[in-house]
Amino acid sequence: MSPPESHPDSELPATRVSDLARVRAAAPDYLEGLNPEQREAVETTDGPVLVLAGAGTGKTRVLTTRLAHILATGKARPWELLAVTFTNKAAREMRERITAIIGPQAEGLRWLGTFHSVAAQILRKHAELVGLKSNYTILDQDDQERLIKQVLEAENVDAKRWPPKMLAGLIDHWKNRGWTPDKLPPAESAHFANNRGQALYRLYQERLRVLNACDFGDLLLHNLTIFTGHPDVLADYHERFRYLLVDEYQDTNVAQYLWLRLLAQKRQNVCCVGDDDQSIYGWRGAEVDNILRFERDFPGAKVIRLERNYRSTSHILAAASGLIAANKSRLGKTLWTEAEGGEKVIVRGVWDGEAESRLIADEIERAKKGGADKNPRKYRDMAILVRASFQMRAFEERFVMLQIPYTVVGGPRFFERAEIRDAHAYLRLIQSEDDDLAFERIVNVPKRGIGETTVQKLLQVARLNGVPAVAAARQVVLTDELAARTRTALANFLRDLDRWRAEAGRMPHPRLMEAVLEESGYTDALRLDKSPTAQGRLENLKELVQAMGNSENLQAYLEHVSLVMDMDRGPQADAVQIMTLHSAKGLEFPLVFLPGWEEGVFPSQRSMDESGEKGLEEERRLAYVGITRAREEARVSFAANRQVYGRWTSQLPSRFVDELPLANVEASSETGYYGGGPGMQQHGSRWDESPSFGAGYSSPGWKRAQASNYKGSHPGRQQVIEGEGRLVAVSESSAASAYKRGDRVFHIKFGYGHVRGVEGNKLTVDFDKAGEKKVIDSFVEKQA
DNA sequence: CTGTTTTAGTTTTTT
DNA sequence: ACTAAAACAG
C-alpha cells in the first residue's frame, strides 16, 4: 500500500487524515484536565451510574463532558439523549457548555431541559390519553389556588376552617408522590375537610380537564399515567432514549423518580449526578432517599465519588466537612483540596441585627479598598447569604445609607407580578375565550363597575348552561338581568375583547399588548395611581412588551411564559449579592458572609417543629451549602438581640456555630459572657440557660472582641451594665429604675430621646423625632 | 360597587 | 411591624 509518487513533505493522504481524526476521537481534547474520577464519570457510559459530586468538585463539567463524549463517540445522536435538570438556568447553562465542546450539533438536543418542560413535550403528544387536548394550558400556582377555591365554594367547604391554600399544598404534595385521586392512600384523605380530601382532589382534577388545563404537578403525573397505562407508548420512548442523565438527583421527588425509573427500565443507561449533602428541598417533596438507595434501585450500579474540591481553601472545606459530619443520614464523602491554608472561618457575635449589618458593611468597604497584604475585591465577588428573606432588609438599609451597590437575587419574580399576570390574562382571553380564570381575573381590572355579585351571576349562568364565562356574559348582556350601568360596562368590555381578537391576527403581538393596555384603561389607571409602586409597574409593563418581541407569535409567547417563569437578566453590575442560602446553591464567591446564625433563625424553628430531626439535618445541609460557596473567606455571625416581625427577641448562637471544628475557626464575641467553664465546645454546645440575655457565648478558642463596649462580666436584665456605651436592659424593674426623668437615651430602633417617666419596668420616652412617644420595654442606650 | 377597617400571616422556591 | 387580603359599611 505505497502511495504513488507522494513526497514525504507533501500533504498527508486522505486516509491518514481520517486516521488522525479517529485518534483524536479516541483521546479527545475535551477529556484533558479531568482528574481520574471525573474521567471515569465521563467514560462509564453504559449501565447505571451514580456520580456523587461534592460541592465544588466540577460536577457541571463532568455532566456536559459526558454528554459531549456520548455524542462524539457516536453512541447516540443528539435526539436520543434525555437530560433533565431542575431549573431552566441549569438547562441553559448545560446547553451552552455542550455547544462550546461539540459545536452546533448540540442544537439537536431536543430532550435536554427541565423535568417539567420534557414532561410537557411528552404530554403534548399523548394528551388525549389523559382526557386533554394537545393545546392544553399550564396553570401556575395562582390559577391553581383560585380554581381550588372555586371547587371548595361549590362544595360548601368552610374556607375559614379549610383554607384553599392548604388543599393546594396537599394536592401538590400528593402529586409529588405520584398519587392520582384513585391511588391516594385513604389515610391522606383525612387531612382535609373531614375526610373529603380525596373527593375534592377528584373534583379539582375534573375541573382541570374541563378547562383543558393542568398544573405543574400534573405534567409529571399525567406522564406516569400514560407510561403505565400504555406500554406501547413507553416502549416507544425506551427505543428513543438511549442514554439518560439527571442533574441534582438529590432533589428529585417521588413522581420524578418513578418517571425516571420507567424510562430507564429497559436500557438501564442512566446516570444520576447529585450530592446528598446538598439536598435542601425536602420541604417541596425532594426525597434524599432517592439518592441514598440508588444502588438498590439499579442493581450493578457504579458509584463514582468526586471528592477533589477545586473551589475552596482547606480551612473552609474542613469547617464545612466538620459541620456536615454531624448529620446521620448521608452517604459520606471526604472532600479534599490542594489549596492548603488560607484564612480560617471567622465567627463573630454582635449585639444586634443592626450591629451585624454595620460590621458586614464595614468589612465590605474594607475588602473593596484592599490592604497592605490584600488585593481589593470587586463588590460582585462578595455575597451575603441569609436563611430567610426578612433578614435582607437590614443589609439593604445599611447599604443604601453607605451607597454600597447591591443586588437582591430572587424575590418576587417578574412573571408573577400582579400587573404582568393581568396583562397575560388579557392575552389569554383574547387567544382563548374558554379561559374562565383569565376572564375572572381581568373582567374588573381596571375597575369598570363589574363587581363581585355580577361575576358570580355570570359564573352561575355559565355553569348552568355548561358554557365558558365569556359566552355566558354575551347571553346575559342581551337580557335585562343586570342593572343598566353594569350591563353597559359589560357590553363595552365584550366589544373591546372582540375588537382585540380581530386585531390579534393583524398586528405583531407586542403591538397588540400595547394596544390592549392602553385601550382597556389599564395604563391610565396606573398613571393616576399615586402609590409609589405604580411607577414601577408601568415600567414592568414596558419591559414586558419588550420581552414579547423575542417570541415568534402570541401562542409561542404564552407557551414560553408558562414553562419558563424566568427572564434572562442583562449583564450583572458590580454589586454585592444578597440572597437566600437556597438561591445560592450552585454559585460561588471569593468572600461569603453568613449572618443570622442563631437558634430559631438558623436552624429555622419552624423547620425543626415541622420536621424534627429530619428538618434539622436539612438545615445543617443548608449551612454546609452556605460555607462551601466561599472560595477564600467565609464569615459567620450571630446577634444577641434581633427584631423578628417587629418584636425584639433575645437570641442564642446557633448550634451550627458550635459544630464548626475549632481548628478551622476564629471566633470572637462583642457581647455576653466570657470565661465560662472549659471544654464547652468539645462537650457539645453550652447554651446560656439564664432567662436573661442569651447573648452569652463562651468556650475555649473564643476571645473577647477588642471593640467591646461592655465591662460587666454578667450582663442580665437585672443589672445595669456599666461601660462606655452604657447599654441597658430595661425589661426588669431594677434596670428601668436606673433611669430618671430627663435622662438622655438612645434606642436601637427609635433613635435619641429623653425619659419622660419611669413606671415599673417601663420607660416612657419622648423621642426627638417629632411626635414619637413610645413605651420601651427593650434595650435603650443611656447617654453619658 | 367602592372605599375603609379589621384580621391573619409572615422559611426556604421551581416549574 | 408590616402587609395583603378579607370583611364591612356607605
Side-chain angles (χ1 to χ4, degrees), chain A residues 84-91 113-120 138-146 149 159-160 163-166 169 172 175-176 214-221 248 251-253 255-256 279-286 385-393 409-413 415-416 418 444 446-456 482-483 485-486 489 531 533 560-566 579-586 596 600-611 615 618-619 621-623 625-626 643-649 749-750 774:
Chain A
V84 282
T85 62
F86 274 84
T87 64
N88 289 298
K89 192 177 153 205
T114 62
F115 273 99
H116 290 87
S117 71
V118 171
I138 301 167
L139 301 186
D140 64 18
Q141 207 170 327
D142 195 84
D143 288 324
Q144 187 189 350
E145 270 172 30
R146 284 192 303 148
K149 204 171 154 190
K160 262 264 161 64
K165 252 193 163 67
M166 185 184 171
D172 217 50
K175 287 182 176 176
N176 283 341
C214 69
D215 60 25
F216 282 117
D218 278 340
L219 292 174
L220 264 297
L221 201 57
E248 306 277 16
D251 288 337
T252 48
N253 60 36
Q256 286 157 339
S279 164
I280 55 175
Y281 286 108
W283 49 272
R284 67 174 199 215
L385 312 182
V386 297
R387 171 71 244 271
S389 46
F390 74 81
Q391 295 171 269
M392 293 177 175
R393 209 184 66 187
V409 179
R413 294 207 306 293
F415 289 111
E416 279 166 15
N444 198 30
K447 304 245 160 72
R448 40 173 81 88
I450 303 168
E452 192 55 29
T453 32
T454 314
V455 174
Q456 286 307 319
L482 298 173
R485 202 156 45 145
T486 316
S531 69
T533 53
H560 174 80
V561 163
S562 62
L563 274 174
V564 187
M565 300 288 284
D566 173 26
M579 66 187 89
T580 61
L581 287 159
H582 282 92
S583 32
K585 190 158 117 183
V601 174
F602 187 38
S604 147
Q605 191 59 50
R606 198 160 150 184
S607 185
M608 293 188 292
D609 289 350
E610 283 172 13
S611 318
E618 182 155 312
E619 295 287 305
R621 290 194 289 268
L622 210 42
V625 168
Q643 244 181 335
V644 182
Y645 298 136
R647 311 230 166 268
W648 282 101
T649 50
K749 169 128 192 281
F750 306 112
K774 297 267 178 180

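Each chain gets a letter, A, B and so on, in the order its sequence line appears, and its residues count up from 1. Just so you know, these numbers use all the heavy atoms, side chains as well, and skip hydrogens, waters and symmetry mates.
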| field | Pair A:Gln605-A:Asp609, side-chain donor/acceptor within less than 3.5 Å | value |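 Indeed, the side chains of A:Gln605 and A:Asp609 share at least one donor-acceptor pair under 3.5 Å.
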| query | To the nearest 0.5 Å, how far apart are CG in A:Asp215 and CD in A:Gln141? | reply |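 Spacing of CG (A:Asp215) from CD (A:Gln141) equals 10.0 Å.
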| field | Nearest-nucleotide comparison on DNA chain B, the residue closer to the 5′ end among A:Thr114 and A:Thr453 | value | A:Thr453
| request: Measure across A:Ala286 and A:Asp251 and return the closest heavy-atom pair with its distance rounded to 0.1 Å. | output: CB-O, 3.4 Å
Just the rounded figure in Å: distance from [atom2] of [N] to [atom1] of [X].
| X | N | atom1 | atom2 | answer |
| --- | --- | --- | --- | --- |
| A:Asp251 | B:dT15 | CG | C1' | 13 Å |
| A:Arg146 | C:dA4 | CZ | C1' | 16 Å |
| A:Arg393 | B:dT10 | CZ | C1' | 12 Å |
| A:Lys175 | B:dT15 | NZ | P | 18 Å |
| A:Lys165 | B:dT10 | NZ | C1' | 11 Å |
| A:Gln391 | C:dC2 | CD | P | 18 Å |

| task | Quick one: sort the A:Tyr281 and A:His582 rings into parallel, tilted or perpendicular, breaks at 30° and 60°. | result |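 The arrangement is tilted - the two ring planes meet at 30° to 60°.
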Protein-nucleic acid N or O pairs under 3.5 Å, nucleotides 12-14 of chain B:
unit_1: B:dT12; atom_1: OP1; unit_2: A:Ser389; atom_2: N; d: 2.7
unit_1: B:dT12; atom_1: OP1; unit_2: A:Ser389; atom_2: OG; d: 2.3
unit_1: B:dT12; atom_1: O4'; unit_2: A:Arg387; atom_2: NH2; d: 3.3
unit_1: B:dT12; atom_1: O2; unit_2: A:Trp283; atom_2: NE1; d: 3.2
unit_1: B:dT12; atom_1: O2; unit_2: A:Arg387; atom_2: NH2; d: 2.5
unit_1: B:dT13; atom_1: OP1; unit_2: A:Thr580; atom_2: OG1; d: 2.4
unit_1: B:dT14; atom_1: OP2; unit_2: A:Arg413; atom_2: NH1; d: 2.9
unit_1: B:dT14; atom_1: O4'; unit_2: A:Arg284; atom_2: NH1; d: 3.3

| Is the closest basic N to carboxylate O distance between A:Asp172 and A:Lys175 below 4.0 Å? |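 Looking at A:Asp172 and A:Lys175, the cut-off is not met.
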| task | Would you check if A:Thr114 and A:Phe86 make a side-chain contact, meaning some heavy-atom pair closer than 4.5 Å? | result | no
| query | Which part of the nucleic acid does A:Asn444 contact within heavy-atom distance under 4.0 Å: base, sugar-phosphate only, or nothing? | reply |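 Sugar-phosphate only.
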| remark: Mate of B:dT13 across any strand shown (Watson-Crick or G-U wobble, both atom pairs under 3.5 Å) is none
| field | Counterpart base for C:dA5, defined by Watson-Crick or G-U wobble contacts under 3.5 Å | value | B:dT6
